[in-house]
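Since the structure comes first, as structure tokens, the remarks are kept for the end.
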Amino acid sequence: LKNSREKLRETIARQIPRVEELHTALFNEQKQEPVREKWSGEILKLTEALPQYEKVEKLKEEKGKKEKALKTRTDSLQAFKEKKEKLAEKKEQLKAEGEELKDADTRLLECENLLAYLIQRESRLSAVTESIKELKKMESEYEKLQEAFLTAEQSYQKANAEYIEKEQAFFREQAGILAESLRDGLPCPVCGSTEHPQKALPTAGAPREADIKKLKNFSEKKQKEMQEASESASRKKAEIDTFATHLFQTGQELLGHVPGSFPELELLVANELTDTSKKKLAETEKKSKLEVQSKRKTACLKELGETEK
């Protein structure tokens, strides 16, 4: 028992500092009680006011959403206004551009008609140019035919002259042969005279009848060749005259007047062909531009129709 009391006293002695510490802490806590009561009141007030704060926050949130929605609508309205203004501006631009291009189709049609005329005219002038070349070729052929005729004529004249000369010699020779058989007092079988003072004498190397026939045939052959050459040249001349007449008529239709000469026709046609080709090129370029304008006019009308919907 005694030991137990000693141990208890020792234990109490050891706990005394802890008890004092606890008393000190309790004292300090008791000193803080008014502060705790004050903060408890504040907490109570805040707790009671908390629903109001939540309501205010909710209102702030709703206000933010409405302000955001209002800004979105304002921005949309501004964008719509700007779009409307741009659309009106574009509409005016389309109207102005359409007004500028209103006769594009008409001008394109006129250009196409003129271009078709120039193409046809160029083709006819080119045909005349080719005809002029053909006429020159025909004239060159005619000159050769004339030369052939002159050659054939000379050959005939030479052959015919030889034939006549030989024939006369042959006849003279025949007279000499006949004279040998004449006798004085007997009548001549040709003239009937009984006197023969100057008898024809035979010629040495006189042509024979076969030679005369051969020369006659050759002369007739050359005459036929000459006639054929003459006919060929005449046909070519008639062909040239007909061709030239038609050519000058065509030239008159294209140029509006009758050229005074073939060289003048050739020069006028060449100049007109060059001028027509230049005009055709210019109208071709113009047609390309007008086609673009015509397409643009159609696009403008389509866009304008869409702006008015």
Side-chain angles (χ1 to χ4, degrees), residues 73-141 239-309:
R73 290 183 181 180
T74 302
D75 291 344
S76 298
L77 183 62
Q78 181 63 28
F80 177 77
K81 183 179 179 181
E82 291 176 358
K83 183 179 179 181
K84 184 178 180 181
E85 290 175 352
K86 289 181 180 179
L87 192 62
E89 183 180 353
K90 183 178 180 181
K91 185 177 180 180
E92 290 302 318
Q93 289 177 349
L94 289 171
K95 284 183 177 180
E97 190 173 1
E99 184 64 23
E100 291 178 359
L101 300 174
K102 66 179 181 180
D103 59 342
D105 292 337
T106 302
R107 288 187 289 123
L108 176 59
L109 181 60
E110 292 174 350
C111 180
E112 289 175 340
N113 291 336
L114 178 56
L115 187 58
Y117 165 75
L118 290 172
I119 291 174
Q120 183 185 28
R121 182 173 179 82
E122 183 184 46
S123 177
R124 293 186 67 189
L125 287 167
S126 297
V128 170
T129 300
E130 292 302 316
S131 295
I132 290 173
K133 293 179 181 178
E134 181 64 23
L135 183 59
K136 286 183 177 180
K137 180 180 178 182
M138 292 169 65
E139 288 180 336
S140 177
E141 293 172 353
E239 184 181 353
I240 289 174
D241 291 341
T242 302
F243 194 87
T245 299
H246 176 71
L247 185 59
F248 272 86
Q249 288 176 347
T250 304
Q252 181 181 4
E253 292 174 3
L254 289 171
L255 303 173
H257 66 280
V258 181
S261 62
F262 178 73
E264 182 184 357
L265 172 64
E266 185 177 13
L267 178 61
L268 290 174
V269 169
N271 292 338
E272 189 65 21
L273 181 58
T274 300
D275 184 59
T276 300
S277 298
K278 289 180 180 179
K279 288 180 180 178
K280 188 191 78 170
L281 179 61
E283 288 301 316
T284 301
E285 294 176 353
K286 182 179 177 181
K287 177 175 174 286
S288 298
K289 293 179 181 179
L290 287 172
E291 285 175 340
V292 173
Q293 292 179 3
S294 180
K295 290 179 181 178
R296 179 54 189 161
K297 174 190 173 183
T298 302
C300 284
L301 293 175
K302 183 179 179 181
E303 290 180 35
L304 188 59
E306 291 175 353
T307 60
E308 293 177 348
K309 290 182 180 179

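Note that this is a predicted model, so its numbers are computed, not measured.
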Heavy atoms only: give me the nearest [X]-[Y] pair and the separation to one decimal.
{"X": "L108", "Y": "S294", "answer": "CD2-CB, 4.1 Å"}
{"X": "E272", "Y": "L125", "answer": "CG-CD1, 3.7 Å"}
{"X": "S131", "Y": "L247", "answer": "CB-CD1, 3.6 Å"}

Could you measure the distance from the [atom1] atom of [X] to the [atom2] atom of [Y]? Nearest 0.5 Å is fine.
{"X": "I119", "Y": "T276", "atom1": "CD1", "atom2": "OG1", "answer": "11.5 Å"}
{"X": "E253", "Y": "R121", "atom1": "CD", "atom2": "CZ", "answer": "11.0 Å"}
{"X": "E283", "Y": "C111", "atom1": "CD", "atom2": "SG", "answer": "4.5 Å"}
{"X": "R107", "Y": "K289", "atom1": "CZ", "atom2": "NZ", "answer": "11.5 Å"}
{"X": "D103", "Y": "Q293", "atom1": "CG", "atom2": "CD", "answer": "8.5 Å"}
{"X": "R73", "Y": "D75", "atom1": "CZ", "atom2": "CG", "answer": "12.5 Å"}

Taking the side chain as C-beta and beyond, is there a heavy-atom pair between E112 and L109 under 4.5 Å?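 Counting from C-beta outward, E112 and L109 do come under 4.5 Å.
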Step by step, work out the salt bridge (charged side-chain N to carboxylate O under 4.0 Å, His left out) result for E291 and K295. CA-CA 6 Å; E291 285 175 340; K295 290 179 181 178; over 6 Å; no
Checking H257 against L268 for the side chain to side chain contact (heavy atoms under 4.5 Å, CB included) test, could you report, in this order, the C-alpha distance in whole Å, the side-chain angles of both residues, the deciding distance, and whether it holds? CA-CA 11 Å; H257 66 280; L268 290 174; 3.6 Å; yes
Please step through side chain to side chain contact (heavy atoms under 4.5 Å, CB included) for the pair N113 and E110, ending with a clear verdict. CA-CA 5 Å; N113 291 336; E110 292 174 350; 5.6 Å; no
Holding to side-chain contact (heavy atoms from CB on, under 4.5 Å), I want the full list of residues that pass it with T284, two or more places apart in sequence or in another chain.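 Only L115, K280 meet the side-chain contact (heavy atoms from CB on, under 4.5 Å) criterion with T284.
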Could you pull out all donor-acceptor pairs under 3.5 Å where a side-chain atom in residues 132-141 meets a protein atom, sequence neighbours excluded?
residue	atom	partner	partner atom	Å
K136	NZ	E266	OE1	3.4
K136	NZ	E266	OE2	2.5
E141	OE1	K236	NZ	2.9

H246 and T242: side chain to side chain contact (heavy atoms under 4.5 Å, CB included), yes or no, with the steps? CA-CA 6 Å; H246 176 71; T242 302; 5.8 Å; no
Check the pair L255 / L265 against side chain to side chain contact (heavy atoms under 4.5 Å, CB included), numbers first and verdict last. CA-CA 9 Å; L255 303 173; L265 172 64; 4.1 Å; yes
